[in-house]
Amino acid sequence: MNVDDLSKSLKKFKIIDQIVFGSMLGVCSVIGLYFGYQDLKRKRASKNDNEVLNFLMGGRKMKVFPVAMSLIASLVSGILLLGASTEIYLYGTQYVYIIIAIIISAVILDLIMIPVFHKLQITSVYEYLQLRFDKKMRLFGSLMYTISSILWLPIVLYVPALAFNQMTSINIHKITPIVMAVCLFYCSLGGMKAVVYTDFIQIIIMYGTLIVIAIKGTINVGGFLNVIEINLEGKRFEAPDFNLDPTTRHTFWTLVIGGAFLYIAHNALNQNMMQRYLALRTVKEARKSNLIYAIGFIVIILLCCYNGLLLYATYYNCDPLTTKLAMARDQMLPLLVMQTLNDIPGLSGFFIAGIFSASLSSISTGLNSMACVILEDFVKPFRKKKLSETMCIVITRAVVLCFGLLGIALVFVVQNLGTILQLTLSVPTACFGPLFGVFLIGFLFPWVNKRATLYSSVIGFIIMMTFVFKVQTEMALGHIKFSIKPMSTDGCDYEFNSTNLLPMTRISSSASSIYQISYLYYTAIGCIMVVILSILLTFLLGYEDSSKINQNLLAPFVRRKKEINEENNENPFTNLQ
C-alpha cells in the first residue's frame, strides 16, 4: 500500500461519529436557546432588569466553578490541543516548563489585577485606562484588543477545520461556516451565560478527549513503560535548558520569563478572560476561580505533553511528516486518532467534537468580549445621548454577527500562513506587549506622564507589529527554521516518495539574528520597551502629580496606606472625562 492509499483508508468518519459531533453542536445551540428564553422571561417579569448587563456580564452573578471552567476553555483552543502535542513530538519536553509561567501569572493576577479591576466594577477592562490616564489611552487599549482579536479569530477557527479535513477530506471552507453559525446562534441568544455554560460542557469534552487518546494510545504501543522507554531512546525527555541565548526558541528562561509575560497579558489584560472574573460577585470568588483555572490549565498542558510523547512512541520509526501521511504538523494528533481510535465506534467523532469544542469556546468568548468592547469603548463614549437598552442589545448582537463573518472570511488568509502555534502566540502579542506596558505603568508608576505613556505605547506598537510581520515573512520564505529531534522512516510498512527529512539545523541565510528571538519574548520586549520609553519621555515632558491619582487604581502594595480609607469611599468614575 502506498501513502495515498493508506491516507484514504484511514478517513472513516462514520455515521456514529457524525452523530457524536452533531450532538455537541446541538447541545451548544440548546444552551443558547435556554438562556435566551430565560433572559426574555426575566425581562417581561421585571422592567428594571438590566438586559445589557445580563448579556455581557451574566448580571455579575455567575458561579465560581463554571466561570473557572470557562476560563480554561477560553484559553485552551484547538491550537493548543493540536500544537502542544506536536511540539513535544518534534522538539522534546522543554515546552512543559511553561507550567511555571502559568503559576507565576496566576499569582500576579491574584495580587494585582483582580483586586484592582474588581473593585472598580468596570465592564470593559480598558475603562481602567480612562480612569487612570484619559480617553485617548482607553481608545488605544481597545484598538489594540480589537486588532489582536481580528488576527486571532480566524486562526482559532482554522485549526479544528484542518483536523476535520485530515479525518474526512471535507474542505475546511465548508465546515467553518457551519461551526461559526452555531457559535453565532448561541452567543447572540444567550450572551455571557450561554457562553460560560457551553464552555463548561466543552471543557469536559476536551478533558475527555485527551484522556481517551492517552489511555487508548498507551495500550496500543504496549503500555506506559514502553512510551517512556521509546521517548528516552529518542531523546525526547529534556532537563531544563538554562541557555541565556534569546534566539533559542525554547529554553527554561524563554518559557518561564517570556511565558509569564505572555500569560499575564493574555489572562489578566485580555477582555476575553477578565470579563469572566468581573462577572463574579466578589474578589474572593474571582480569586477562587483563578486558582481553579490555574490548576485545570496545567492539567491540560500535561495531558497535551503526554500525548506528544505518545505521538513519538507511535511514529518513532516512521515519521508521517516525512512520508507525507500527515501534510501539516498540526495534523499529527488527528492522524494518531485515526489510526488508534477508529476501531471504536464514535471515538473519532468524540475527538473532533473535543477539538471543535476547544475552538468554539475560544471563539464564543472572543465574540462576546468584542461586543462588550465595541459597545463600551467605541460607541458609548462618543454618544451625547444615553443609548436605550434595546439599542445596546442590537449593537452587541450586530457586533457578534459581523466579527463572526469576518473570521470566516479571514480563514482564507490564515490557510496560507506558517506554523500555527507560533503564529497565534506571536502576532497578537505585538498588540498585547505594548498594552501590558501601559497597564504596568498604570499599576506601579503613578508619577509617569500620561502623554509620555501614550506616545510610547504607539511607538511600541508600530515597532512590534513591524518586527512580528518581518519574522513571519522570513519564516514563510524559509529563511528561519528551527532544529527538531531526529526522525526515522526505517520502520514504515507502506510506500512513499523519498524526500529529505525536515531540516535539523536552524537556517538564517538572509534573516538577521534579531528576527530569530524566541516568540515567547515578544510580549516582554513590547512591555519593557513601553515602560522604559515612557519613563525617559517623562523626564522631558514632566512628572504627573501622583497625589491626585485615585489610590484604588494602583496595585495594592503601591498605594499610600494613609489615603486608602479616604479613597475607598470615593467613586472612581468621578475622574471620567
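Each residue takes its place number in the sequence, starting with 1. All values derive from a computational prediction rather than experimental measurement.
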Near-ring test His266/Phe432, centroid separation under 6.0 angstrom: yes
Heavy atoms of other groups near Phe224 CZ, more than 12 under 6.0 Å: no
Single hit among Tyr91, Tyr97, Tyr519 for ring-ring contact (aromatic ring centres under 6.0 Å, His included) with His250: Tyr519
Distance, nearest 0.5 Å, that separates CD of Gln339 from OG1 of Thr314: 8.0 Å
Ring centers of Tyr34, Tyr197 separated by less than 6.0 Å: no
Polar side chain donor-acceptor pair, Glu238 to Thr93, under 3.5 angstrom: no
Close side-chain approach of Leu210 and Leu81, heavy atoms under 4.5 Å: yes
Exercise: do Asn307 and Ser85 side chains pair donor with acceptor under 3.5 Å: no
Check against side-chain hydrogen bond (donor to acceptor under 3.5 Å, both in side chains), Tyr89 and Asp319: CA-CA 10 Å; Tyr89 174 77; Asp319 176 37; 2.5 Å; yes
Donor-acceptor side-chain pairing of Asn243 and Thr251 below 3.5 angstrom: no
No-hydrogen, no-angle side-chain donor-acceptor test under 3.5 Å, Asn290 and Tyr277: yes
Thr218 and Tyr306: side chain donor to acceptor below 3.5 Å: yes
Exercise: identify the closest heavy-atom pair between Pro240 and Phe252: CB-CD1, 3.8 Å
Nearest atoms (heavy-atom pairs only) where Gly354 meets Thr209: CA-OG1, 3.5 Å
Between Tyr263 and Asn270, a side-chain donor and acceptor under 3.5 Å: no
Heavy-atom pair with the smallest gap, counting every atom of Asp17 and Pro345: OD1-C, 4.5 Å
Smallest separation among heavy atoms of Ile98 and Leu255, with atom names: CD1-O, 3.5 Å
Heavy-atom side-chain proximity of Lys235 to Pro486 below 4.5 angstrom: no
Nearest heavy-atom neighbours spanning Val196 and Pro66: CG1-O, 3.7 Å
Distance-only side-chain donor-acceptor flag, Ser70 / Arg276, under 3.5 Å: yes
Parallel, tilted or perpendicular, as decided by the 30° and 60° cut-offs, for the rings of Phe200 and Phe65: perpendicular
Residue pairs involving residues 316-359 (criterion disulfide (SG to SG under 2.5 Å); sequence neighbours excluded): Cys318-Cys492
Residue pair Phe403 / Ser149, side-chain heavy-atom distance below 4.5 Å: no
Partners passing salt bridge (charged side-chain N to carboxylate O under 4.0 Å, His left out) against Lys216 (at least two apart in sequence or in another chain): Asp343
Flag, side chain of Ser105 to backbone of Ile102, donor-acceptor distance under 3.5 Å: yes
